[in-house]
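Worth saying up front: this structure is predicted, and the values here are computed from it rather than measured. The sequence lines fix the lettering, A, B, ..., with proteins before strands; numbering per chain opens at 1.
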2 protein chains.
Amino acid sequence: MPAEAQRRIREEAAAVGAPTLTSFVFENLRRDIIAGIHAPGEKLRVEHIRAEFGVAASTMREALARLVSEGLVTAEGQRGFRVAPMSLADLRDITRLRLILETEALVESIRAGDVAWECQVVAAIHNITRAEERIGSMKAEDFSHWEECNKEFHRALGAACTSPRLQQLVEILYRQHERYRFQSMMRSAEDSGGTTRLRRNVHAEHEALMKAALDRDEDAARRILADHIQITADTFERRLAAIGEPKAKRAGRKAAGDSAVA
Amino acid sequence: MPAEAQRRIREEAAAVGAPTLTSFVFENLRRDIIAGIHAPGEKLRVEHIRAEFGVAASTMREALARLVSEGLVTAEGQRGFRVAPMSLADLRDITRLRLILETEALVESIRAGDVAWECQVVAAIHNITRAEERIGSMKAEDFSHWEECNKEFHRALGAACTSPRLQQLVEILYRQHERYRFQSMMRSAEDSGGTTRLRRNVHAEHEALMKAALDRDEDAARRILADHIQITADTFERRLAAIGEPKAKRAGRKAAGDSAVA
DNA sequence: TGCGGAGAAAATATCGATAAATTTTCGTTT
DNA sequence: AAACGAAAATTTATCGATATTTTCTCCGCA
């Protein structure tokens with residue numbers, strides 16, 4: 001009954017307001033990859049996921065092509081697609097570029113930002129503060145909500161930047177980084193028996209960042225953001241390295257090859 | 001006779017050694033866009049180019065998706081594809097990012113580069129020198145060869161950089177920039193009656209750049225490269241602005257809408 | 001036992017056709 | 001004559017099926 005699955009997908013896509021089936025599939029698969037449902041390095045057999053999503057091969061293929069452009073999937077001509085591998089080197093690479101680009105976007109925002117931008121930033125940090133209060137409950141849901149707020153705060157910081165390309169690159173890098181963020185969180189949760197703790201004084205860093213931004217202190221803001229990004233990455237690195245090999249969440253027929261965080 | 005066109009395309013693709021029909025179409029269309037054969041903002045009707053290339057719609061579509069990820073084509077859900085517009089603001093945006101990223105890549109190369117890297121750089125500049133000698137003949141072909149050498153030189157400078165992402169971004173930005181480069185060259189050629197002259201002392205800049213790189217003088221190299229990129233962009237900007245509206249090279253049925261270098 | 005290659009199985013890339021949306025055309029009404 | 005809206009025509013997005021390539025398997029041979 002392909003018509004069945006097809007109708008379901010189509011309805012779901014329409015419900016979310018996806019302009020196109022392809023973009024719906026794209027978003028979903030992206031989420032799955034970030035969440036580690038497809039392990040790094042795992043082969044993505046078009047025929048399989050195509051069936052899973054209930055769409056045609058060419059639709060699936062186009063969604064995959066988009067993921068390739070986001071760096072979450074790799075493609076080798078005539079040899080299909082696979083989930084982009086993860087590695088410490090890769091995390092460092094992402095971090096390095098985030099350092100360069102996000103600080104640049106922030107500085108530009110500080111120069112060009114108007115009051116509306118300031119409001120965005122203040123609102124975002126307020127949101128985080130609230131989320132942090134709730135996080136005491138240690139529920140995974142609250143934590144992922146905090147993640148969302150954190151993401152929004154970072155976006156707000158660079159929102160006044162006038163370069164569309166710069167913003168886009170920052171966005172893409174953040175998404176790639178999110179995969180590591182997610183892994184790190186999972187590991188941490190496993191370690192502490194299902195709950196998650198906020199590491200170090202993230203809140204203070206955010207406050208300082210906001211203050212520098214509102215004071216239009218470019219140098220301070222740049223420095224603080226750089227430290228923030230670097231420290232975050234270091235934390236992840238330690239966590240991932242400490243626990244060692246990642247386990248494939250839902251092992252396909254054969255284990256996912258060579259990819260490893262190690 | 002679709003089988004005819006199909007066979008021809010396939011042979012041609014095989015001859016160039018393209019791993020896939022899609023990638024062949026992708027490369028060709030990219031060249032066409034950079035060369036202005038498809039004007040900025042022009043609508044790319046899948047059905048048309050599909051027929052022109054002699055491939056199926058889904059193949060064409062995948063090639064277009066890749067071009068979207070390179071920023072040379074834009075796509076709006078349910079409303080098809082069009083050539084990415086060009087504008088002064090866009091040129092400035094590209095330039096800004098090139099300034100950030102290429103200098104970073106260069107500095108990294110200087111830190112990490114070994115003798116093999118030095119050789120690449122020296123070889124590349126020698127190549128340019130030879131090309132510059134030939135350029136006296138004022139033939140368009142020689143000029144485009146010089147362009148190729150110039151591109152190679154820039155690539156060589158960043159080749160020792162250890163960040164794959166950084167290299168990739170630099171590459172993509174250079175390609176986007178190439179479109180402006182090409183336009184600028186065409187205008188210049190029209191103005192001077194079909195021939196092209198080398199502007200200013202590019203050669204001296206290249207020499208200085210190489211020297212700083214080989215001396216491992218990060219600061220000097222960064223400064224020179226930044227100036228080099230900025231000056232190049234300024235030159236293009238002046239040329240394009242001076243001559244005004246771009247003319248669609250091969251006007252489709254209707255003029256290509258709003259896009260303009262102005 | 002281990003190597004190499006023919007053949008089968010699976011997966012990829014590509015095609016031609018269809019359904020859904022867009023844009024255009026053209027007649028009608030105020 | 002302008003504006004509106006419905007039907008036609010074009011175009012996009014999607015599908016199901018096919019041809020080609022890669023991968024796996026298994027058998028013969030040194």
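- Side chain of A/S58, nearest nucleotide from C/dT14, C/dT12, D/dC15: D/dC15.
- As rounded to whole Å, 16 Å separates atom P of D/dT14 from atom CZ of A/R61.
- With C/dT23, D/dT21, D/dT11 as the choices, the nucleotide that has an atom nearest any side-chain atom of B/H48 turns out to be D/dT11.
- Between C/dC15, D/dA17, D/dT11, one nucleotide has an atom nearer to the side chain of B/R45 than all others, and that is D/dT11.
- Distance from the side chain of B/T59 is smallest for C/dC15 among the nucleotides D/dT11, C/dA17, C/dC15.
- Between the side chain of A/E102 and the backbone N or O of A/V170, no donor-acceptor pair lies under 3.5 Å.
- Distances were taken from every side-chain heavy atom of B/A56 (C-beta onward) to each of D/dA17, D/dT11, C/dG16; the shortest belongs to C/dG16.
- Dashed line: the shortest gap from a side-chain N or O of A/K43 to OP1 or OP2 of C/dT12 is under 4.0 Å.
- Which of D/dT22, D/dT14, D/dC15 sits closest to the side chain of A/R79 comes down to D/dT22.
- With hydrogens and angles left out, the side-chain atoms of B/R82 and B/T74 include no donor and acceptor closer than 3.5 Å.
- The nearest heavy atom of DNA chain D to A/R50 and to B/G77 marks one nucleotide each, and the one closer to the 5' end goes with B/G77.
- A side chain to side chain contact (heavy atoms under 4.5 Å, CB included) with B/Y180 holds for exactly one of B/L88, B/T95, B/I34, B/L240; it is B/L240.
- Nearest to the side-chain atoms of B/E47 among the listed nucleotides D/dA17, D/dC15, D/dT12 stands D/dT12.
- Candidate nucleotides D/dT12, D/dT14, D/dC15 were compared by shortest atom distance to the side chain of A/T22, and D/dT14 ranks first.
- Put simply, the side chain of A/Q176 never gets that close to the backbone of A/L72: no donor and acceptor are under 3.5 Å apart.
- Between the C1' atom of C/dT12 and the CD1 atom of A/I49 lies a distance of 12 Å, rounded to the nearest Å.
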